[in-house]
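I have placed the structure first, in the form of structure tokens, so that the comments after it can refer back to it.
Chain A is the first sequence line, chain B the second, and so forth, proteins listed ahead of strands; every chain is numbered from 1.
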Amino acid sequence: MEINKIKCGKFSFNVPNFDLKLTMFSGQTSQPPWKHKNDYYQELIFIEDKPCLIKVRQKNNHLEVKYETDTKVSPQDIKKTIKYIFDLEFNLDKFYFNFTQNDSIFSRIVEKYNGLRLFLAHNKYECIISSITSANNSISKWTRSILRIKEKLGRKYVFPSSEEMYYFPDPETVLENKDKLKYCGVGYRYKYIVETTKILYENLSIDEVNKMEYDEAFETLLELPGVGPKVADCILLYGFRRYEAFPVDIWITRAIKDLFGVSKDIREFGQSKFGKYAGYAQLYLYQYIRHKK
DNA sequence: CTTGGACCTGA
DNA sequence: CAGGTCCAA
């Protein structure tokens, strides 16, 4: 699909404590890392229902943005979207302050991964499928699967710069092209993806889940095939920006055992210890334990 | 309510 | 061989 009534532009703005590369490559299941091209990271995002090609790169404390989009979309809209995706309004220093008091371990973790933030979903359905695909899977494998789904089932958009981008298919398209899904390397998760997609298409609106309180949303997501406690918390954290979510995988289990000597009811432990910062604490604990020798 | 085997893919 | 969820026991 070609894009008409296009305007191109660029701007830059100051960002707070932020590390774009670290954030994008920290394994968050909202989406795969953006495509790296000509020193920028780029993605196709819908803003005001219009396709928008966004390119970003970081130079110290400012973010440089280039865009190609419909004339109806303003640079302010784009900036707002970028701020949302990288959670730039979140007060990281306050989070650091809260957990580094009298805690040398957390101080070192926070120092080492300074600027790590949430990488939030621009498409909640893509986040749900990414999270299901990530279960019992490696980061490189689930991201490759999602990229394949975009290319094989997604719609292609060609921008004026002749840049070609694919957008993650909607539930209806996935159900109509189940056969193609089989060649995206999702393995036995295939049936989870199809069944969950059916439910999202017929019975459960993502917007409804978004309106629920955290606990109700968690329980509702658990009803979806392929969604257990870990995946539900990934969806809530990376897809719905619920800071109290604390996704527990094998690495977080190790980190909590390593740092606090706790080895059961890890999710409850994390949520009560870190409260509204549970999601952010999980981000940093994950980096810590994965890089620990 | 708890446990442990089966499930796919690609390093 | 790693890695969450499901299902049967």
Side-chain angles (χ1 to χ4, degrees), chain A residues 25-33 119 121 124-153 168 171 174 177-200 203-204 206 209 214-240 242 244-258 262-271 278-279 281-293:
Chain A
F25 290 91
S26 57
Q28 302 183 45
T29 64
S30 51
Q31 62 206 294
F119 183 29
K124 291 182 174 61
Y125 173 60
E126 177 183 25
C127 174
I128 292 171
I129 302 306
S130 296
S131 303
I132 289 173
T133 309
S134 76
N136 197 24
N137 212 159
S138 67
I139 295 172
S140 64
K141 268 187 277 181
W142 76 254
T143 55
R144 189 169 32 233
S145 289
I146 298 305
L147 293 174
R148 278 190 213 165
I149 293 174
K150 287 168 79 165
E151 285 201 12
K152 289 177 193 287
L153 289 84
F168 197 84
V174 169
N177 297 277
K178 290 199 277 283
D179 46 324
K180 292 186 190 166
L181 227 197
K182 286 190 174 144
Y183 304 100
C184 297
V186 297
Y188 62 87
R189 302 164 195 85
Y190 170 81
K191 59 181 183 298
Y192 299 153
I193 295 173
V194 171
E195 292 309 307
T196 286
T197 300
K198 268 185 201 162
I199 294 172
L200 294 174
N203 298 312
L204 180 67
I206 292 175
V209 179
Y214 170 77
D215 288 332
E216 190 191 357
F218 183 79
E219 295 302 326
T220 304
L221 290 172
L222 286 184
E223 300 295 315
L224 298 170
V227 178
K230 191 277 185 179
V231 169
D233 263 349
C234 280
I235 295 169
L236 286 164
L237 182 59
Y238 309 128
F240 296 73
R242 300 302 174 95
E244 61 272 58
F246 192 73
V248 177
D249 64 359
I250 185 82
W251 296 98
I252 293 301
T253 305
R254 287 174 192 156
I256 296 293
K257 177 90 176 102
D258 182 275
V262 173
S263 49
K264 62 175 175 56
D265 300 328
I266 314 279
R267 176 170 173 262
E268 290 67 23
F269 174 82
Q271 294 190 136
Q282 183 267 3
L283 243 42
Y284 283 78
L285 290 169
Y286 184 81
Q287 294 302 317
Y288 159 74
I289 199 72
R290 290 230 55 166
H291 297 133
K292 191 182 174 190
K293 290 155 286 291

**Item:** Bracket string, DNA chain B, 5' to 3' - pairs by Watson-Crick or G-U geometry under 3.5 Å, | interstrand
**Value:** .|||||||||.
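Nucleotides of DNA chain C with any atom under 4.0 Å from a heavy atom of chain A span, from 5' to 3', C:dA2 to C:dC6.
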Show the distances under 3.5 angstrom between N or O atoms of the protein and N or O atoms of nucleotides 9-11 of chain B.
residue, atom, partner, partner atom, Å
B:dT9, O2, A:Lys141, NZ, 2.2
B:dG10, OP1, A:Arg148, NH2, 3.3
B:dA11, OP1, A:Arg144, NH1, 3.0
B:dA11, OP1, A:Arg144, NH2, 2.9

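The minimum heavy-atom distance linking A:Leu222 with A:Pro229 is given by the pair CD2-N, 3.5 Å. A:Pro247 and A:Ile252 make their closest contact through O-CG1, 3.6 Å (heavy atoms, listed as atom of the first residue, atom of the second, distance). Between A:Cys127 and A:Ala121 the shortest heavy-atom distance is CB-CB, 3.7 Å. Of all the heavy atoms in A:Phe168 and A:Tyr125, the pair that sits closest is CE2-CE2, 3.5 Å. When every heavy atom of A:Ala245 is checked against every heavy atom of A:Leu236, the shortest pair comes out as CB-CB, 4.2 Å.
Among the heavy atoms of the strands lying under 4.0 Å from A:Leu224 are primed sugar atoms or P, OP1, OP2 only; no base atom is included. Looking at heavy-atom distances under 4.0 Å, A:Arg267 makes no contact with the nucleic acid at all. At the heavy-atom level, A:Trp142 lies nowhere under 4.0 Å from the strands shown.
For the salt bridge (charged side-chain N to carboxylate O under 4.0 Å, His left out) condition, the pairs that include at least one residue of residues 215-237 of chain A, sequence neighbours left out, are A:Asp233-A:Arg267. Note on residues 126-153 of chain A: pairs passing salt bridge (charged side-chain N to carboxylate O under 4.0 Å, His left out), not counting sequence neighbours, are A:Glu43-A:Lys150, A:Glu126-A:Lys150.
With sequence neighbours excluded, the residues satisfying side chain to side chain contact (heavy atoms under 4.5 Å, CB included) with A:Ile139 are A:Trp142, A:Thr143, A:Tyr286, A:Arg290.
Between the side chain of A:Thr197 and the backbone N or O of A:Pro171, no donor-acceptor pair lies under 3.5 Å.
Using a 3.5 Å distance cut-off with no hydrogens or angles, the side chains of A:Gln28 and A:Ser30 do not pair a donor with an acceptor.
Here the P atom of nucleotide B:dC7 and the CD1 atom of A:Ile193 are 18 Å apart, to the nearest Å.
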